[in-house]
Structure formats: C-alpha cells, structure tokens
Q: 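The structure under discussion is supplied below as structure tokens; questions concerning it will follow.
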Amino acid sequence: MSYCLLIPHYNHERQFLAFLPQLIATGLPLVIVDDGSIEQSRVQVAAAVAQHANAHFFALQRNRGKGSALKAGFYFARSLGFTHAIQIDADGQHDIADIAGFVQQSQAQPEAIICGKPVFDASAPKARVYGRKVTDFWVALETLSLRIKDGLCGFRVYPLAQIENLLDRYFIGNRMDVDTELLVKAVWLNIHLVFINTRVIYPEHNVSHFNYLRDNLLLIKLHSRLMLGMLVRLPMLLWQRLRGQ
C-alpha cells in the first residue's frame, strides 16, 4: 500500500504556504490539485511545491468546485501509483498529528474509508457545528443506517480502487456536496466506513469558500436527490440491514 496526501487548493495560498512545512514533515508524498485559483495564488503555490521532490502539483484550467478537484486528484494520485489518498484541507483546519492514526487504521482495513469525526473547539462557528446535525439526520435516512457518524468532514483516507469503482457507478457532485455524497454512496456500495475523532480548528483570519446561501441550497438539492435515490434502492438497503451489514 502506498499513501499520499491529497490537498484541493483554491485561493488559499497564505494558509497553504503556512501549512506546507507541516505537510512536508509528515514524510508522505503530496498531491496538490489547484481548482482554478487566480494566477497570483496558483503561481505562489506551484513555486513552493516545486521546491520539494516528493510533491506533485496539478492545476485545473478553471474553477470547477471542490468535488471536481477531489475527483481529479483521485485519478491523478492513482496514475502516480498510489493506492490510498489522504484528503486534507489546504487551510490547516485539520490536525496533522492524527495522520499516523488514520494510516494505521487504513492499513488494518485497506478497503475501508477512514473518516474524521470532528471535535471542535471554541473557534468553530455555531452554524457549522449545529448544521452538521441536520446532515446527520438526512444521511441516516438516505442510508437507513447510522453508519455515517459525520458526513461533512474533509479529513479522510480513501482507498482509490474502491473510490474509482464508486465514481464509475454513481454521479458525485462537483462542489461542496462532494464530502456527503461520497459517503452516502459508499454505504450504498457497502464500502466499510471507520470514524476517528479528530480535532478541527478554524484558524484566525481564515477564508472559507463555503457560501452559506449558495452551498446550503446545494445541500438541500443534494439531499432531495439522495432521498429519491434511496427510494429506488430501498429493497437493497433493507436487505443489507437484515443481513446486519
């Protein structure tokens, strides 16, 4: 098994450049996918990454959204020979010290998706904390299970063969809907999920690309789609529940 850190980037150059030494210190190869950042941001990140032999930089021609960047990163990482990609945000929200534990769990269960379950401190906006409970409710309905302990955290280890199969079978959203949709459809494919508590912080002066109106409307649309999909798959989901899967 070979692991890389997969980091979608969009106009986060200040936070990413501050975070980069910690990422390099993990000793893991980096795959950075720039999601159509403005030229100044893209050039700064590309120049910093070019100083490290074990870091790979890939830029989309225009901004397509986090989901598109992540999906491109999966294929790019697999083409480089990696079997697993550790998704982590570019802005330093996630605790780098937890990566070793994520990899250890993944090595024990290589076909499972290892998912972060956030533990927030006082820096977390209340809307983000309580908004997750709404997502938890919907994903429980969409999977007829409590297998998804958190559908929003973007700190995960993905087994690339299983993810490529999932992408071949299902449509996955191109924007902020990607983290939730990947897990719901992983449950539909009966991919095992493992959750690990992980500290998540919101750094001071952080710039979030989550637009509360646009992206919440996107999530409403996502759950409407997933509920319809769940109804089609209801017999299969009930059969999985009866078998205790």
Side-chain angles (χ1 to χ4, degrees), residues 3-26 28 30-33 35 65-67 69-70 73 84-106 112-140 146-158 163 173 175-184 186 193-212 214-216 218-219 222:
Y3 292 79
C4 67
L5 292 173
L6 173 57
I7 306 136
H9 171 266
Y10 176 62
N11 291 340
H12 261 139
E13 71 284 354
R14 182 172 57 82
Q15 295 91 340
F16 176 77
L17 295 179
F19 193 34
L20 182 58
Q22 296 180 60
L23 296 169
I24 294 294
T26 66
L28 289 165
L30 309 185
V31 174
I32 297 102
V33 180
D35 182 24
K66 179 182 177 182
L70 199 57
H84 292 74
I86 306 165
Q87 177 197 355
I88 189 166
D89 284 356
D91 58 3
Q93 283 192 1
H94 300 138
D95 191 350
I96 210 101
D98 286 341
I99 288 176
F102 276 55
V103 170
Q104 188 176 26
Q105 283 288 339
S106 174
I113 301 175
I114 313 301
C115 313
K117 186 174 187 300
V119 177
F120 294 109
D121 63 13
S123 65
K126 298 301 180 192
R128 301 293 290 273
V129 175
Y130 295 119
R132 309 181 96 81
K133 298 184 185 302
V134 177
T135 297
D136 291 345
F137 169 78
W138 283 112
V139 297
L146 298 175
R147 290 174 61 183
I148 299 178
K149 312 298 183 191
D150 182 280
L152 294 173
C153 183
F155 189 14
R156 297 174 182 164
V157 182
Y158 287 107
I163 288 301
R175 296 195 175 274
M176 292 293 188
D177 44 0
V178 63
D179 292 316
T180 303
E181 191 161 23
L182 274 172
L183 288 197
V184 169
L193 307 181
V194 176
F195 284 83
I196 298 177
N197 285 342
T198 185
R199 185 172 64 95
V200 175
I201 62 168
Y202 284 77
E204 195 174 359
H205 307 305
N206 189 32
V207 177
S208 173
H209 296 303
F210 187 91
N211 181 293
Y212 279 92
R214 180 196 63 204
D215 289 320
N216 278 317
L218 179 70
L219 291 175
L222 166 69

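Remember, it's a predicted structure, so these values are computed and weren't measured experimentally.
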Q: For residues Leu182 and Ile113, determine if any side-chain heavy atom of one lies less than 4.5 Å from a side-chain heavy atom of the other.
A: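 A side-chain contact is absent here, since even the closest heavy-atom pair is not under 4.5 Å.
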Q: List for me each residue that meets salt bridge (Lys or Arg N to Asp or Glu O under 4.0 Å) alongside Arg175, sequence neighbours excluded, and say none if there are none.
A: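 Salt bridge (Lys or Arg N to Asp or Glu O under 4.0 Å) check on Arg175 returns nothing, list empty.
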Q: Does any non-hydrogen side-chain atom of Gln87 lie less than 4.5 Å from one of Tyr158?
A: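 Yes; the side chains approach each other to less than 4.5 Å.
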Q: Who passes side chain to side chain donor-acceptor pair (under 3.5 Å) against Thr180, sequence neighbours left out?
A: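 Result, side chain to side chain donor-acceptor pair (under 3.5 Å) vs Thr180: none returned.
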Q: Are any of the side-chain heavy atoms of Leu6 and Val33 separated by less than 4.5 Å?
A: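 When only atoms from C-beta onward are counted, Val33 and Leu6 do touch, with a gap below 4.5 Å.
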Q: Less than 4.5 Å apart, any side-chain heavy atom of Phe19 and any of Asp89?
A: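 Result no, sub-4.5 Å side-chain heavy-atom pair not found.
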Q: List the residues meeting ring pair (Phe, Tyr, Trp, His ring centres under 6.0 Å) with Phe195, not counting sequence neighbours, and say none if there are none.
A: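 Scan of Phe195 (ring pair (Phe, Tyr, Trp, His ring centres under 6.0 Å), adjacent residues dropped) gives none.
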Q: Apply salt bridge (Lys or Arg N to Asp or Glu O under 4.0 Å) to Asp150 and list each qualifying residue two or more places apart in sequence or on a separate chain.
A: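 Once residues adjacent in sequence are excluded, the partners of Asp150 under the salt bridge (Lys or Arg N to Asp or Glu O under 4.0 Å) criterion are Arg132.
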Q: Tell me every residue that passes side chain to side chain donor-acceptor pair (under 3.5 Å) with Asn197, counting only those two or more places apart in sequence or in another chain.
A: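 Scan of Asn197 (side chain to side chain donor-acceptor pair (under 3.5 Å), adjacent residues dropped) gives none.
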Q: A side-chain contact here means heavy atoms from C-beta on lying under 4.5 Å apart; do Pro8 and Asp35 qualify?
A: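 A side-chain contact is absent here, since even the closest heavy-atom pair is not under 4.5 Å.
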Q: Under a 3.5 Å distance rule, please check whether Asp91 uses its side chain to pair with a backbone N or O of Gln93 as donor and acceptor.
A: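 Looks like yes, one N/O pair under 3.5 Å.
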Q: Are any non-hydrogen side-chain atoms of Leu219 and Trp138 less than 4.5 angstrom apart?
A: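 A side-chain contact under 4.5 Å is absent here.
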Q: For Tyr3, does its backbone N or O pair with a side-chain atom of His84 as donor and acceptor, under 3.5 Å?
A: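 Absent.
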Q: Partners of Leu17 by side chain to side chain contact (heavy atoms under 4.5 Å, CB included), sequence neighbours excluded?
A: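 With neighbours one apart ignored, the set is Gln44, Ala48.
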Q: I'd like to check the ring pair (Phe, Tyr, Trp, His ring centres under 6.0 Å) partners of Phe102; sequence neighbours left out, ordered by chain and number.
A: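 Per chain and number, Phe102 pairs via ring pair (Phe, Tyr, Trp, His ring centres under 6.0 Å) with Phe155.
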Q: Between Leu5 and Ile99, does a side chain to side chain contact (heavy atoms under 4.5 Å, CB included) hold up when you go through it step by step?
A: CA-CA 9 Å; Leu5 292 173; Ile99 288 176; 3.7 Å; yes
Q: Take Arg156 and Asp179 through the side chain to side chain contact (heavy atoms under 4.5 Å, CB included) test and state the conclusion after the steps.
A: CA-CA 10 Å; Arg156 297 174 182 164; Asp179 292 316; 3.8 Å; yes
Q: The criterion is side chain to side chain contact (heavy atoms under 4.5 Å, CB included); which residues satisfy it with Gln104, sequence neighbours excluded?
A: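 So Gln104 forms no side chain to side chain contact (heavy atoms under 4.5 Å, CB included) with any residue.
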